[in-house]
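Here's the structure we're looking at; comments come further down.
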Amino acid sequence: MKRRVLITGGAGFIGSHVVRLFVTKYPDYQIVNLDALTYAGNLENLLDVKDLPNYIFEKGDITDEAFIDQLFGKYQFDGVIHLAAESHVDRSIMDPLAFIRTNVLGTAVLLNTARKYWKDNMDDKLFYHVSTDEVYGSLGEEGFFHETTAYDPRSPYSASKASSDHFVMAYYHTYHLPVIISNCSNNYGSHHFPEKLIPLAIHNIKNNKPVPVYGKGENVRDWLYVNDHARAIDTIFHKGRIGETYNIGGFNEWKNIDLIQLLCRIMDQKLGRPEGTSAQLITFVKDRAGHDLRYAIDATKLNKELGWEPSLQFEEGLEKTVDWYLTNEEWLQHVTSGDYQNYYQEQYQKR
Ligand SMILES: Cc1cn([C@H]2C[C@H](O)[C@@H](COP(=O)(O)OP(=O)(O)O[C@H]3O[C@H](CO)[C@@H](O)[C@H](O)[C@H]3O)O2)c(=O)[nH]c1=O
């Protein structure tokens, strides 16, 4: 079946991997990538697919109602995969309103427009909302997030994503809009903006700069290779049940400090430095406000119902990621100029 799919946030980290997978795997689909190209959106992420005949890029803001309406009119989408979002927790602490605007209002504008265009015929339509495991809050040392876990967001970022999830379900229950939500754990891989832990640490180690570890580095995250997340989104988009939520994760929990130690060992090997060199850059800094202790997500439903499972072991994925950053210096140089510099100067002045 031919489909006309809108992917929002397709120039971002996870979005670009989803766009690449869809345009190469489904040559019959028309894929429209809508991205506002703010600081973390970068068309360089898609240079290898930008000339494919089934790929179209549109620059625009999901909060701009008139623009979104005109876009739906122009392309008559039958599917939406919504990834556009402000995603960095530390930024949300500094500027919560930006997160409410994009993540809550932007999602509501998309939902409302999809409802307007699809209301007379909902057959074969799908609004797929890509969300986060952070909506479930913070775990103690035991247990997992399940699809039935009550929402308990604790940062402005996770509150904005939780709110957008609620709007998605409200449109399902109230207007019968065909929706699916997935909530995924921490991603890592190529094209990740170096404000997040793994690409920031790689960038800093390479440049002999301090690697900031918040608090004592005891916080735990569950890491998934970004290509595996993109594969999960593909599976859920095509086989998921309407009105359902699917958790995505790798059963791959790491304490931040253990992860950084592993990364330091890999970097020493790759850069030909004596073992232990990079670890000397580890610097414990002031903790993140309201820092969630542990995320761990149970992806059994996705595995049992739809047959998805991660394809890569963490060590292998991390090595591939390091290799990508070390061979794509131009990309790193480009994205670490401008806004990035201002942001980090501001961050470090505060410490
Ligand atoms: C940037 C940075 C982070 N950290 C810590 C904070 C967290 O415990 C852990 C990972 O931080 P981040 O890379 O910012 O990711 P985290 O806050 O977990 O959130 C990520 O994962 C979420 C999914 O769980 C996504 O929804 C978010 O968009 C994504 O940013 O490392 C440090 O210790 N030092 C740092 O410099």
With Ser158, which of Pro153, Ser138, Ser131 fulfils side-chain contact (heavy atoms from CB on, under 4.5 Å)?
Pro153
Electrostatic pair Lys239:Glu305 at N-O distance under 4.0 angstrom
no
For the backbone of Gln30 and the side chain of Arg4, can you confirm whether one donor and one acceptor N or O come within less than 3.5 Å of each other?
no
Salt bridge (charged side-chain N to carboxylate O under 4.0 Å, His left out) partners of Lys50, counting only residues at least two apart:
none
Does the pair Asp234/Arg231 count as a salt bridge with the N-to-O cut at 4.0 Å?
no
Are Asn33 and Tyr55 close enough, and set up right, to give a side-chain hydrogen bond (donor to acceptor under 3.5 Å, both in side chains), and what steps lead you there?
CA-CA 8 Å; Asn33 169 15; Tyr55 172 72; 3.0 Å; yes
Ring centres under 6.0 Å, that's the criterion: do Tyr136 and Tyr151 meet it?
yes
Do Phe77 and Phe72 have their ring centres less than 6.0 Å from each other?
yes
Lys270 side-chain N/O to Arg265 backbone N/O, donor-acceptor pair under 3.5 Å:
no
If you look only at pairs with a residue in residues 93-108, which of them pass as a side-chain hydrogen bond (donor to acceptor under 3.5 Å, both in side chains), with sequence neighbours excluded?
His82-Thr107, Asn103-Ser160
Determine whether the aromatic ring centres of Tyr26 and His238 lie less than 6.0 Å apart.
yes
Considering only residues two or more places apart or on different chains, which pairs with a residue in residues 113-129 satisfy salt bridge (charged side-chain N to carboxylate O under 4.0 Å, His left out)?
Asp69-Lys116
Aromatic contact, Tyr171 with Phe127 (centres under 6.0 Å):
no
Looking at Phe237 versus Phe22, is the centre-to-centre ring distance below 6.0 Å?
yes
Which other residues belong to the hydrophobic cluster containing Phe251, where Ile, Leu, Val, Met, Phe, Trp and Tyr are joined when side-chain heavy atoms lie under 4.5 Å apart, directly or via other members?
Phe144
Quick check on the 6.0 Å ring-centre criterion: do His17 and His191 meet it?
yes
Indicate yes or no for a side-chain donor-acceptor contact from Asn303 to the backbone of Ala299 under 3.5 Å, with no hydrogens or angles considered.
no
Electrostatic pair Asp78-Arg3, nearest N-O below 4.0 angstrom:
yes
Members sharing Ile93's hydrophobic cluster (side chains within less than 4.5 Å):
Val89, Phe99, Tyr157
Can you run down the salt bridge (charged side-chain N to carboxylate O under 4.0 Å, His left out) pairs that involve residues 132-156, sequence neighbours left out, and say none if there aren't any?
Arg154-Asp292
